[in-house]
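To start, the structure under review is shown below, and the notes come after it.
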Amino acid sequence: MTQRRILVTAALPYANGHIHIGHLVEYIQTDIWVRFQKLRGHDCRYFCADDTHGTAIMLRARKENRSEVHLIADMQQAHMRDFARFDVLFDNYGSTNSEQNREVCHEVWAAIRKAGLVHEKEIEQLFDPEVGTFLADRFVKGTCPNPECNAPDQYGDSCDKCGHTHSPSELINPKSTLSGATPVVKQALHLFVRIEDLHEFLADWTQSGEHLQPEIANYLKGHFLGKELRDWDVSRPAPYFGFEIPDAPGNYWYVWFDAPIGYIGSTSEWCQANGEDLDKWWKNPETEIHHFIGKDITYFHTLFWPAMLKTAGFSLPTKVHVHGFLTVDGEKMSKSKGTFISAATFADHLDPSGFRYFVASKLSSKVDDLDLNLKEFKAKVDSDLVGKVVNIASRSAKFIAGETLCDEYPEDGGLFQQGAALADKLAEAYENCEYSNAIREIMTLADAANQYVESKEPWKLRKDPERQQEVREVCSVALNLFWQIVCYLSPVLPRLAAQAEELLGARIDKWSDAQTPLTGTSVSKYKHMFSRVEEQKVNEMIEESKDESAAAAAVDPAAQYNDGPEALQAEPMTEEHCTIEDFVKVDMRVARVIEANHVEGADKLLQLTLSLGGDERRNVFAGIKSCYNPEDLIGRLVVCCANLKPRKMRFGLSEGMVLACGPGGKEIFLLNPDDGAKPGMRVH
RNA sequence: GGCGGGGUAGCUCAGUCGGUUAGAGCACAGGCUUCAUAAGCCUGGGGUCGCGGGUUCAAGUCCCGCCCCCGCUACCA
């Protein structure tokens, strides 16, 4: 096998927050891949860095009354500590704020300029006059400008309630989230990169089938490549924490410009420290480049990034590996539920190796989300690692502790050979990021090993002084099967590998170590290798992760219902009182749906025929198609406004209105009278 | 609405080119064992392979239609 030169990156974590278990999925996925490649003897290097620039960092530094440089240095230390606790081992962990990164940014920028891709545009942007900074869309909140929605407290880019997209300057009554001040509109010069010029190249590169998972290629084709690619806004006016653009003083590169370049910057730091040549890693077609990222940052890595690399003459990624998000017990991580678990909190309570194993046992090459079901987590770690794998050593090592393994590997019924024969299949699974397949296969070996020990009953043999040699043979076999399994698991569980090395007095340093049994090495006294997951510790971890404000809410008797303020925020209560006379003007009646049909040509409407009892009928068009099937409505009782002035619609005359609540879309809820109500009854 | 992914045992999933009686792990039940971290081994129960059609000697697998779940994404009004 020829040696490959492989450069691997994981996405750069932002310096504004601590590492949490969601992040870790990616760093562990990548770390396993890198450890595997190294074990295979390839020249593989894992680079990462903190992503340090941007408004959020600037504002936080101000708030904490210290310099950005100080802040990001602290965060980098914290991140590195967390990674180390989870055995995520980088060849270099740098910073996007390094001089090396600045140099590469200059180089890339010069090339983009030279290619004539940069355009200047004056754009209008909201500016916070109190803080003295331009406001990104997410830093402005106000009332949704959609006249049918008008939900308050919405971000500047889109409305959570109705999905309306807008620019922050369109918001009604906008406020800066930084100071509460009313922003003013200011003109600002921005620099744009016209990546449409690279459209054809990107279409080819993304659709070649070589670099991206098929669903990712398809996503890009459907959402971006079918139309003109929009210019990419890569500058931000001062004040901004970042690198100043050399030929546009007073302007800074947008954080997403220098962040991916940080991959190269980090490599450059490593090259300088190790006497390596940067071009060998980034401008040599023989070097493979693999990026591991989450699905949220797909288009930065599959459109902008290849465009930048191509223009600046760097190598393009060999593969971009996209993974899904981590959920906990089937739901998005939540601060109030205590499932937003930081790396540090996890490691304070539970064994990080268990997390690595669990993640590996779940990961495939798909973009699917991955669920950390805490019960399953315990079950997997307990039964697979403790009950199966470690148990093989635990039940055999002590019978030959202080002795040596047999000088010649004993007859084992072909077990070791069977394990050795699995090497190629397992390697292929690791190579293709199909870790869950690999783990499943490896566990079958552990089952076989336990069966072997069971059948040989060394605990009985040892009682017979005549059969001591047999005991040694059986244990040599068992420990070798254990050794082989640990070799295969070592990319996932480096700590277990180290423990096995200590126990058996040998080293795992290449994949092919699983092909040859150990002989003659001395067996140390068995030391505890892995603990079961204690439910108590899991609970403590969850408790500690609970946000304090959420904990306070739990005291409120209403908290058990978990009724959030969203509905009221979406539709604030009317301030003005109405009189009883006003109220009785609206004649609301219980009605039965006796017919319900789709309306041809209408996206949202259903046509309902309501009976108010007797011969009284109403034809009503209701905008509830997104939530109800006509056939499910027939026969049920609803509440309708019976005296609403009839209105002629495109599809016919609507003679009333069915009462429903909810924000719309998938959330529409018809009002339902309690049992006993009869059509025609008035609501008062 | 569009795109993508999914629906197989209580749970998590495997199931190749269509081919024997649809599998594994966990969980559960019974038994064995008592070396091992209340670990291990054996046996067993448990399935309308989302629904409906079609192709075929043969369909979990291929084709058509539909339903439901997840993710992404957009619009109409």
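Please read all numbers here as calculations on a predicted model, not as lab measurements. Chain letters run A, B, ... following the sequence lines, proteins first and then strands; every chain starts at 1.
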Separation of the C1' atoms in B:rU12 and B:rG6, to the nearest angstrom: 14 Å
Atom C1', compared across B:rA27 and B:rG71: separation rounded to whole Å: 30 Å
Sugar-phosphate only, base, or nothing, as touched by A:V367 at under 4.0 Å among non-hydrogen atoms: nothing
A:E534 CD to B:rU37 C1', straight-line distance once rounded to whole Å: 12 Å
Touch class at under 4.0 angstrom, heavy-atom based, for A:M529 against every strand present: base
Ring geometry between A:H290 and A:W33 (parallel below 30°, tilted from 30 to 60°, perpendicular above 60°): tilted
Aromatic plane relationship, A:F292 with A:H321 - under 30° parallel, 30 to 60° tilted, over 60° perpendicular: parallel
Per A:D447 side chain, nearest of listed nucleotides B:rU37, B:rC72, B:rC41: B:rC41
Over-ring placement of A:K335 relative to A:F340, 6.0 Å and 45° cut-offs: yes
Atom C1', compared across B:rA59 and B:rC51: separation rounded to whole Å: 16 Å
Gap in Å between the two C1' atoms, one belonging to B:rU43 and one to B:rG60, rounded: 28 Å
Side chain A:Y430, main chain A:A438, donor-acceptor under 3.5 Å: no
Separation of B:rC3 C1' from A:I216 CD1 (nearest whole Å): 12 Å
Electrostatic pair A:K527-A:E502, nearest N-O below 4.0 angstrom: yes
Nucleotide nearest A:S383 (side chain, heavy atoms from C-beta), chosen from B:rC35, B:rC26, B:rC3: B:rC26
Touch class at under 4.0 angstrom, heavy-atom based, for A:K398 against every strand present: sugar-phosphate
Pairwise P distance, B:rG10 and B:rG46 [rounded to whole Å]: 11 Å
Donor-acceptor pair (no angle test) under 3.5 Å: A:E454 side chain, B:rG40 base: yes
Short side-chain N/O contact from A:Q451 to OP1 or OP2 of B:rC42, under 4.0 Å: yes
Whole-Å distance separating the CG atom of A:N437 from the C1' atom of B:rU16: 13 Å
Distance under 6.0 Å and angle within 45° of ring axis: A:K362 vs A:Y435: no
N or O in side chain of A:R532 less than 4.0 angstrom from B:rA39 OP1/OP2: yes
Sugar-phosphate only, base, or nothing, as touched by A:K221 at under 4.0 Å among non-hydrogen atoms: nothing
Whole-Å gap separating P (B:rG71) and NZ (A:K366): 17 Å
Rounded C1' spacing from B:rC41 to B:rA36 in Å: 13 Å
Whole-angstrom distance between B:rG15 and B:rU8, as gauged at atom P: 14 Å
Touch class at under 4.0 angstrom, heavy-atom based, for A:K380 against every strand present: nothing
Carboxylate-amine/guanidinium proximity below 4.0 Å for A:K378 and A:D382: yes
Whole angstrom value for the distance that separates C1' of B:rC72 from CZ of A:F224: 10 Å
First encountered from the 5' end of RNA chain B, between A:S394 and A:E457: A:E457
Sugar-phosphate, base or nothing in reach of A:G222, heavy atoms under 4.0 Å: nothing
Interatomic distance where CG belongs to A:D384 and C1' belongs to B:rC13 [whole Å]: 13 Å
Nearest-nucleotide 5' precedence on RNA chain B, A:F325 against A:K460: A:K460
Rounded distance (Å) that lies between atom C1' of B:rC26 and atom CG of A:L385: 14 Å
Pairwise P distance for B:rU34 and B:rA14, with rounding to whole Å: 39 Å
Sugar-phosphate, base or nothing in reach of A:D368, heavy atoms under 4.0 Å: sugar-phosphate
Sugar-phosphate only, base, or nothing, as touched by A:R440 at under 4.0 Å among non-hydrogen atoms: sugar-phosphate
Protein-nucleotide distance (A:N450, atom CG; B:rC42, atom C1'), rounded to Å: 14 Å
